[in-house]
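Just so it is clear, the structure is predicted and the values come from calculations on it, not from any experiment. Chain naming here is simple, since letters A, B, ... match the order of the sequence lines and numbering starts at 1 in each.
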There are 2 protein chains.
Amino acid sequence: MAGARALQKEKTRQAIIDAALMHLSAEHSFASMSLREVAREAGIAPTSFYRHFNDMEELGLTLVDESGLTLRELMRKARQRIEKNGSVINTSVETFMEFVERNPNIFRLLLRERSGTSVKFREAVAREINHFKDELTEYLMAESDYSHEYAYTLAEGLVTLVFNAGAEALDLNPIEREKLKERTILQLRFITFGAAAAKEKA
Amino acid sequence: MAGARALQKEKTRQAIIDAALMHLSAEHSFASMSLREVAREAGIAPTSFYRHFNDMEELGLTLVDESGLTLRELMRKARQRIEKNGSVINTSVETFMEFVERNPNIFRLLLRERSGTSVKFREAVAREINHFKDELTEYLMAESDYSHEYAYTLAEGLVTLVFNAGAEALDLNPIEREKLKERTILQLRFITFGAAAAKEKA
DNA sequence: AAAATTAGCGTACACTTGTACGCTAAATCT
DNA sequence: AGATTTAGCGTACAAGTGTACGCTAATTTT
């Protein structure tokens with residue numbers, strides 16, 4: 001048996017998740033979103049929501065996890081591109097900016113809940129960002145035999161700069177966005193170069 | 001005439017502003033704050049709120065401006081300390097972290113509304129942060145005769161790193177906070193050093 | 001075939017929200 | 001002194017919220 005009931009349940013669950021994601025925008029945050037709104041959009045009765053999530057918070061955490069998946073895909077894509085292209089910094093910035101342009105609302109979700117009012121949300125988002133930092137740390141250690149701490153510090157700086165540039169890009173037009181991208185690339189070069197140079201001296 | 005009426009009005013206005021600021025916390029954002037809540041806290045009738053602000057948004061923008069003042073004071077203090085102490089990077093990070101520790105809720109306000117749902121809010125916060133970038137840009141130009149664009153790119157990177165460290169510090173205990181501070185200082189050294197070195201090469 | 005489980009619905013309730021409207025008392029203006 | 005302005009209040013209302021509760025119809029288990 002395929003589980004006709006379980007199947008339908010999963011379908012509705014996805015409808016709820018999709019409805020919530022659709023409703024995210026520049027003007028509408030997850031925090032300002034009501035249970036009834038989501039239910040309406042998903043085409044179910046408000047009370048049916050509880051068959052799938054205890055809370056709006058529980059739904060929110062699910063959304064953050066889903067966004068994490070998209071983000072992980074992005075990382076994979078970036079790695080592939082780097083292998084073929086070579087330029088780590090340019091490709092990383094390029095790939096990340098592409099993600100932000102294509103999934104502005106998913107990015108907005110992470111961006112907002114990162115400093116939101118729920119501890120669990122903040123932790124969940126931090127966890128996602130840490131994936132980047134950790135992966136980058138390992139890459140840097142392999143590439144330039146930095147100590148773990150040294151590499152982590154550098155990785156943290158790099159991720160911060162890229163992530164922040166993504167946030168700023170959200171409100172910019174294509175021309176300004178391009179300029180921002182160039183500045184970001186330069187900043188990343190500075191910090192990696194500085195890290196390499198500072199290590200020499202030590 | 002001192003304007004007994006105008007005086008009382010100003011007093012109530014301040015009561016509203018203070019009430020709003022008091023209510024800000026890790027668990028309570030300005031966005032999730034209702035007009036009635038503020039009025040209650042300020043000790044006035046909900047409808048009296050309108051004698052002072054058209055909107056919660058208008059109050060919010062006022063708060064951001066007030067926070068800007070506090071921030072400006074911070075900058076002044078940092079400048080003074082730098083003159084006496086000498087170490088630009090250490091003193092800047094030290095001063096900023098002190099501000100975050102002492103005014104976590106004001107900082108949270110800026111942090112959250114920076115990515116909030118109101119365009120005006122986002123612009124207002126961006127304006128405040130730009131003060132830092134601009135001031136730092138001028139300093140860097142005077143110090144190391146960089147071009148304006150070059151200095152701005154560097155300044156932007158520095159401000160991003162410091163501001164972001166402040167955000168992360170909010171959720172950390174003193175020990176982790178100290179480690180974060182050290183990493184941040186290192187990151188700032190990397191990027192300034194890298195910028196100086198990259199310029200040499202050009 | 002009978003019994004048990006459950007996704008989804010509708011009704012209902014107690015709250016909270018923003019704000020329109022008209023009043024009052026005190027300060028200000030003429 | 002009389003007229004005007006206005007900060008603040010209370011009442012009132014329509015709209016939205018989360019969620020408790022009991023029902024139904026269909027799937028799943030026995």
Derivation and outcome, side chain to side chain contact (heavy atoms under 4.5 Å, CB included), residues A/E37 and A/R40: CA-CA 5 Å; A/E37 243 175 320; A/R40 213 178 301 133; 4.0 Å; yes
Separation of C/dA27 P from B/K11 NZ (nearest whole Å): 13 Å
Spacing between B/E41 atom CD and C/dT17 atom P, to the nearest angstrom: 12 Å
Donor/acceptor link under 3.5 angstrom from A/R36 side chain onto base of D/dG16: no
Salt bridge (Lys or Arg N to Asp or Glu O under 4.0 Å) between B/K181 and B/E178, worked out: CA-CA 5 Å; B/K181 215 189 280 180; B/E178 200 53 44; 3.6 Å; yes
Side-chain donor/acceptor of A/R5 to base of C/dT5, under 3.5 Å: yes
Sugar-phosphate only, base, or nothing, as touched by A/R13 at under 4.0 Å among non-hydrogen atoms: nothing
Candidate nucleotides C/dT28, D/dA7, D/dT28, ranked by approach to the side chain of B/K9 - the nearest: D/dA7
Among C/dA27, D/dC9, D/dT19, the nucleotide that comes nearest once only the side chain of A/P46 is considered: D/dT19
For atom CZ of A/F49 and atom C1' of D/dT17, their distance in whole Å: 14 Å
Spacing between B/Y50 atom OH and D/dC9 atom P, to the nearest angstrom: 15 Å
side-chain N/O B/Q8 vs C/dA26 OP1/OP2, d < 4.0 Å: no
Check against side chain to side chain donor-acceptor pair (under 3.5 Å), B/S67 and B/E128: CA-CA 9 Å; B/S67 308; B/E128 296 300 335; over 6 Å; no
Touch class at under 4.0 angstrom, heavy-atom based, for B/T47 against every strand present: base
Residue B/L35, side-chain heavy atoms: nucleotide from C/dT19, D/dT27, C/dC9 that is nearest: C/dT19
For atom NE2 of A/H52 and atom P of D/dT19, their distance in whole Å: 16 Å
Derivation and outcome, side chain to side chain donor-acceptor pair (under 3.5 Å), residues B/T62 and B/E58: CA-CA 6 Å; B/T62 307; B/E58 203 173 293; over 6 Å; no
Phosphate OP1/OP2 of D/dC9 contacted by B/S48 side-chain N/O (<4.0 Å): yes
Short side-chain N/O contact to C/dT19 OP1/OP2 from B/R51, under 4.0 Å: no
